[in-house]
4 protein chains.
Amino acid sequence: MAIEQAGRSRKGAKGSRTEAAIKAAGRRVLARDGYVNAKISDVAEEAGKAIGSFYKHFRNKEELLLALAEEFRIAVQDNIGAPSGIELDPFDNLREVVRSFWRAYREHGAVAVAVFQASMVNESFADMWRQIRAQGIRIASIRIRLAQRRGYCTGVDPEVASSVLCSMVEFTCYSWVVKNGDLDLLGRNADDSELIETLTKMVVGAIRWREDAVD
Amino acid sequence: MAIEQAGRSRKGAKGSRTEAAIKAAGRRVLARDGYVNAKISDVAEEAGKAIGSFYKHFRNKEELLLALAEEFRIAVQDNIGAPSGIELDPFDNLREVVRSFWRAYREHGAVAVAVFQASMVNESFADMWRQIRAQGIRIASIRIRLAQRRGYCTGVDPEVASSVLCSMVEFTCYSWVVKNGDLDLLGRNADDSELIETLTKMVVGAIRWREDAVD
Amino acid sequence: MAIEQAGRSRKGAKGSRTEAAIKAAGRRVLARDGYVNAKISDVAEEAGKAIGSFYKHFRNKEELLLALAEEFRIAVQDNIGAPSGIELDPFDNLREVVRSFWRAYREHGAVAVAVFQASMVNESFADMWRQIRAQGIRIASIRIRLAQRRGYCTGVDPEVASSVLCSMVEFTCYSWVVKNGDLDLLGRNADDSELIETLTKMVVGAIRWREDAVD
Amino acid sequence: MAIEQAGRSRKGAKGSRTEAAIKAAGRRVLARDGYVNAKISDVAEEAGKAIGSFYKHFRNKEELLLALAEEFRIAVQDNIGAPSGIELDPFDNLREVVRSFWRAYREHGAVAVAVFQASMVNESFADMWRQIRAQGIRIASIRIRLAQRRGYCTGVDPEVASSVLCSMVEFTCYSWVVKNGDLDLLGRNADDSELIETLTKMVVGAIRWREDAVD
DNA sequence: CATGAATGAGAGTTCATTCAT
DNA sequence: AATGAATGAACTCTCATTCAT
């Protein structure tokens, strides 16, 4: 989990407890109000601290999210970097990657959404978002190349295809995990395993086709 | 009311010219600054009108976007509703739908992004976003059911699969058309036709698989 | 007096009346509290306006003082530039210059002090202060050179001597006109004409000496 | 109490070492940032001490400066009080006084400026400043009376003339020693001995004139 | 004595919205 | 209808001062 650290400077036990409290409050407020509507004063209040305390630990709202996002980035990295398995079948491997990403979203969803939202308002978060995406695109493009060598999804640029793939995964995670958006829409309950099953099938399907395939 | 198309009240030629100017300015400012950062005063200035004029025509920023979004919604509807072609092959039909959606995005991108951004900040736009998505999901789910009758992508819920499909399309449009996001990332130039080609192939691929398929 | 203008942009009668009110209030508050302690909210209140109105006309406290200082600078320039009289006896001329400076201080004293105070806190006002001083030093150094040609105050650098002269005048004005400082100290009433008489005599005396003078 | 020299209470070796460190840090910070911008936390940090330690020794910023200023006041007193020499020629004596004042400024410049700055913001420092000035005015006025008895600078009030004289010296010191202001302005290097030479000549000149003098 | 995290009053600044002209 | 100055609620951020360890 490797949470903690990332605040401003060395501090004692008391200081890091406060920082943790502010971060936790930050996650809750961000989840509740979104990045744009989150107020520093609300974060402080939610943490049961004074406003000044917030500023002792973070320069502003941006820096708070930066710290939280770092945890998200690490979680994604740990989860996705892990299934090294180049040796695996590219499709099986992709399934693993999707599942990992899903897990990261499940745990850090609010932060992920906040970063996404912030990326629409703040150039440095836009950069961060591009970095995160780039990471995902690179990883997926490797599997696509492998698949192409076996004769699948030929005739498309691996990077472009990877970008499309990542959009599918990211936004599905966003819509389902975070916003719970389509659940109400479809009048169904959230069912992680069904959704992830469907998602992985479609991810794989999206690249496991041959130009010469016939019905 | 709904016929008067969003403005506030019946107005003469001068009034509607002003309203058009404000809408046009709104699109430019929204494109430039995003929904959250767009200021009423900037829209008025961009339109070459006084702030008071803005309020003569729109109650607030929300109403302005509502008016612009209505145009986007109609464009999507016209484009997507059009390829009625239930009679077509479901996959061919899906290709058409994707192309239509893409076109709508190309033309109304700034507004689409603004609505999306607003949906993160404002509950009524969140609703609107869900409506737009629901529309897309319903349309796609019909094709999926057709495909399933032919033995494809069986074993998955058509609505859930459709949601995933829509995420892929929507977010790819968002990333490429609007934010131009992955272009720099991949160090390539924008090439609409290549991207749309890849996207449609993957959309189709995502549902044109059989459980029993072998390599 | 040529007051007015200097605000942010073109505005109508109402706007410039408000701006004038804010400037007047600014002068009073600056006189009362000094630059450092002056609060925007106090200026607005003193002007009988809302805080927002202040910001409609000035970007911040610095800009307000800048506008007021410009009036002071012009007053000094008008007063001091005027006694062109190079043709005059350099000592008579100097007397005129001192009187002019005194008049400017009498009228804009509070602003002058505010600028001086600001120069201790804000680099751009420090620059302005140096500019104003430089202006005075240049003017006085011309008279000193003339005096030197007649055999007076030889053996000193005209600029350095001028700097000393300006210090005498400036700080005497500061102490007496503005702060009223030495009045209470000396247990006397302010008497402009006596003070200015003494000051001019000493200014002249400070350079009207000969190295070979004997008692 | 007065003997303990400004600190708060009787303290041991450790305490007074800390206090000395804080004072030294105070001088540096005051020189760097000025009185208004100096922050308690910066002084503590510069001293390598905790903020709490600062408050153990001084009630607030005002008290710190008071302690430092006391040292300055004593230096001025020691330097200026010393040249008792009423027996000297009043002009020679004045030269000595000016030189002494200059020396005090050279050594305690930062503190002197800080006190001056503080006097614009804080009534008790305004008082202190008046006291210091009064001291100087009293001393100089004695010489002026002596000069008047010899027929010089007759017809002016000795106290008023003395006030003008002190302004010349004080502000010249301020401008040159502390702010280094006119140096850059005049494009010359600092040259203590030249400046002090000029200054003393002008101080003497300012009172060594006769009403009946002819060119 | 030393420490430094915590506190919160207070100042600056923005911007949606109103309304008299 | 159009105008744009005026308004003030709502936020952000700073820093002197306290106090538990």
**Student:** E:dC1 phosphate, OP1 or OP2: any side-chain N/O from D:T18 under 4.0 angstrom?
**Tutor:** no
**Student:** Pair C:F125, C:F116 - check side-chain contact (heavy atoms from CB on, under 4.5 Å), show working.
**Tutor:** CA-CA 8 Å; C:F125 280 107; C:F116 181 46; over 6 Å; no
**Student:** Rounded to whole angstroms, how far apart are CD1 on C:I40 and P on E:dG12?
**Tutor:** 5 Å
**Student:** Tell me if the CD atom of C:E45 is crowded by more than 12 foreign heavy atoms within 6.0 Å.
**Tutor:** no
**Student:** Within this structure, what is the NZ-to-P distance between C:K56 and F:dG4, rounded to whole angstrom?
**Tutor:** 11 Å
**Student:** Taking atom CG of D:L64 and atom CZ of D:R27, what is their separation to the nearest 0.5 Å?
**Tutor:** 9.0 Å
**Student:** Whole angstroms only, please: what is the CD1-P distance between B:I51 and F:dT7?
**Tutor:** 15 Å
**Student:** Indicate yes or no: does D:E71 engage D:K23 in a salt bridge with an N to O separation below 4.0 Å.
**Tutor:** yes
**Student:** What integer distance in Å separates A:E45:CD from F:dT12:P?
**Tutor:** 13 Å
**Student:** Roughly how many Å is it from CZ in D:F54 to C1' in F:dC19, rounded to a whole number?
**Tutor:** 17 Å
**Student:** Does a side-chain N or O of B:S53 approach OP1 or OP2 of F:dT3 to a distance below 4.0 Å, or not?
**Tutor:** yes
**Student:** Between C:R130 and C:E123, does any NZ, NE, NH1 or NH2 come within less than 4.0 Å of an OD or OE carboxylate oxygen?
**Tutor:** yes
**Student:** By nearest nucleotide on DNA chain F, pick out whichever of D:N60 and C:A50 is the more 5' one.
**Tutor:** C:A50
**Student:** Report yes if a side-chain nitrogen or oxygen of D:Y55 is closer than 4.0 Å to either non-bridging phosphate oxygen (OP1 or OP2) of F:dT17; otherwise report no.
**Tutor:** yes
**Student:** Describe the nucleic acid contact of C:K49 in one word from base, sugar-phosphate, nothing, applying a heavy-atom distance below 4.0 Å.
**Tutor:** sugar-phosphate
**Student:** Return the pairing partner of E:dG8 with a 3.5 Å limit on both distances, Watson-Crick or G-U wobble; otherwise return none.
**Tutor:** F:dC15
**Student:** Give the rounded distance in Å between these two atoms: CG of A:N37 and C1' of F:dT12.
**Tutor:** 15 Å
**Student:** If you pin B:G48 and A:G52 to their nearest nucleotides in DNA chain F, which one's is more 5'?
**Tutor:** B:G48
**Student:** Any strand counts, and the cut-off is 3.5 Å on both contacts for Watson-Crick or G-U wobble. Which nucleotide pairs with F:dA1?
**Tutor:** none
**Student:** In this structure, how many angstroms lie between the P atom of F:dC15 and the NE2 atom of A:H57, rounded?
**Tutor:** 18 Å
**Student:** Specify the residue among C:A38 and B:V36 whose closest nucleotide of DNA chain E lies further upstream toward the 5′ end.
**Tutor:** C:A38
**Student:** D:E63 has an atom CD; how far is it from atom P of F:dT17, in whole Å?
**Tutor:** 11 Å
